[in-house]
Amino acid sequence: MSYSQEILSLAQENNGIVTTAMVVDAGISRGCLKYLADNGRLERVTRGVYILPEVWEDEFVNFQSRYKRGIFSLDTALFLCDLTDRTPGKFYMTFPSTYNLSGPKSEGILCNSAKEPLYSLGIELLKTPGGNLVKVYGPERTLCDILRTRNRTDVQIVSEAFKRYTARGNKNIPRLSEYAHMLKVEDKIRAYLEVLL
């Protein structure tokens, strides 16, 4: 199999997306990507991310490919965790506290930063509407985050998110309580759960 075919196979296996990192890990020269893009067999959507021409561009994957340390959070995480129907107009991402935020901010990403152990708390791999896996704060972490005073999430969105969460079969109240304690929002979480459970 030629390198070009191998790259196209990688893209097929990954919902039509291939990254420079995937190609390099497979032992193939980056130049093959440029060759395929120049010949219209791949489209370059952003630095290091290519898609097959017939594939819908997945912005979630684009941002996470460019900003590997970024975790989707707040309203964006609510959407990916299926706790709201509102498609995010802007993307929220959380980065380590030492990360230089000028790049993501220049692209319109709404950035937060967190120190360890809070940065790593509750990270999950969830599917985007395009069927690709990205790093997102899970539902329990996100519910705690939207109640923190510095994150001014609309009250209606918060109420809807808690109603959806408590109606789920796979809710994890002990984990939610643990995260609420770590993020210092226990009283707020308790107030919502007392009404809904």
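No hydrogens, no waters, no symmetry mates; every other heavy atom, side chains included, goes into these values. Note that the structure is a prediction, hence the values are computed from the model and not measured.
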Side chain to side chain, [X] and [Y], heavy atoms closer than 4.5 Å:
X      : Y      : answer
Asp145 : Leu183 : yes
Tyr165 : Cys81  : no
Tyr179 : Leu143 : no
Lys127 : Asn132 : no
Leu42  : Ile51  : no
Ile189 : Cys144 : yes
Tyr137 : Leu121 : no

Side chains of Asp58 and Thr128: donor-acceptor distance under 3.5 Å anywhere?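 Checked: Asp58/Thr128 side chains pair up, N/O donor to acceptor below 3.5 Å.
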Side chain to side chain contact (heavy atoms under 4.5 Å, CB included) with Asn39: which residues, sequence neighbours excluded?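 Listed in chain order: Tyr35.
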Show me, pair by pair, the donor-acceptor contacts under 3.5 angstrom made by side chains of residues 91-103, not counting sequence neighbours?
| from | atom 1 | to | atom 2 | distance (Å) |
| --- | --- | --- | --- | --- |
| Thr94 | OG1 | Ser73 | OG | 2.8 |
| Asn100 | OD1 | Ser102 | N | 3.0 |
| Asn100 | OD1 | Ser102 | OG | 2.9 |

Closest non-hydrogen atom pair between Gly108 and Lys90, with its separation: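 Answer, listing the atom of Gly108 first, then Lys90: O-CD, 3.8 Å.
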Write out all pairs satisfying salt bridge (Lys or Arg N to Asp or Glu O under 4.0 Å) with one or both partners inside residues 172-192, taking only residues at least two apart or from two chains.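 Checked against salt bridge (Lys or Arg N to Asp or Glu O under 4.0 Å) - neighbours excluded - the pairs reaching residues 172-192 are Glu124-Arg175, Glu140-Arg175, Asp187-Arg190.
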Tell me, which pairs form a salt bridge (Lys or Arg N to Asp or Glu O under 4.0 Å) where one or both residues lie in residues 91-114, sequence neighbours left out?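 Passing the test, one end in residues 91-114: Arg66-Glu107.
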List for me each residue that meets ring pair (Phe, Tyr, Trp, His ring centres under 6.0 Å) alongside Tyr67, sequence neighbours excluded, and say none if there are none.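 Listed in chain order: nothing, the list is empty.
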Following the transitive rule for hydrophobic clusters with a side-chain heavy-atom cut-off under 4.5 Å over Ile, Leu, Val, Met, Phe, Trp and Tyr, establish whether Leu176 and Leu78 coincide in one cluster.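 The answer is yes; both residues are in one hydrophobic cluster.
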Same cluster for Val158 and Val185 if Ile/Leu/Val/Met/Phe/Trp/Tyr side chains link at under 4.5 Å?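 Yes, Val158 and Val185 fall within the same hydrophobic cluster.
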Donor-acceptor contact present, side-chain Thr46 to main-chain Val49, <3.5 Å: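 Checking the backbone N and O of Val49 against the side chain of Thr46, no donor-acceptor pair under 3.5 Å is found.
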For Thr166, is there any backbone N or O sitting under 3.5 Å from a side-chain donor or acceptor partner on Lys171?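 Pair found, side chain donor or acceptor close to backbone of Thr166.
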Verdict with supporting geometry, Val195 and Phe162, side chain to side chain contact (heavy atoms under 4.5 Å, CB included): CA-CA 10 Å; Val195 171; Phe162 273 92; over 6 Å; no
In this structure, are over 12 heavy atoms from other groups packed under 6.0 Å from Glu116 atom CD?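 Counting other residues, nucleotides and ligands, CD of Glu116 exceeds 12 neighbours.
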Which side-chain N or O atoms in residues 16-34 pair as donor and acceptor under 3.5 Å with protein atoms at least two apart or in another chain?
| from | atom 1 | to | atom 2 | distance (Å) |
| --- | --- | --- | --- | --- |
| Thr19 | OG1 | Met22 | N | 3.2 |
| Ser29 | OG | Gly31 | N | 3.1 |
| Lys34 | NZ | Asp38 | OD2 | 2.9 |

Could you please spell out the steps behind the salt bridge (charged side-chain N to carboxylate O under 4.0 Å, His left out) verdict for Arg86 and Asp75? CA-CA 9 Å; Arg86 296 186 190 192; Asp75 292 17; over 6 Å; no
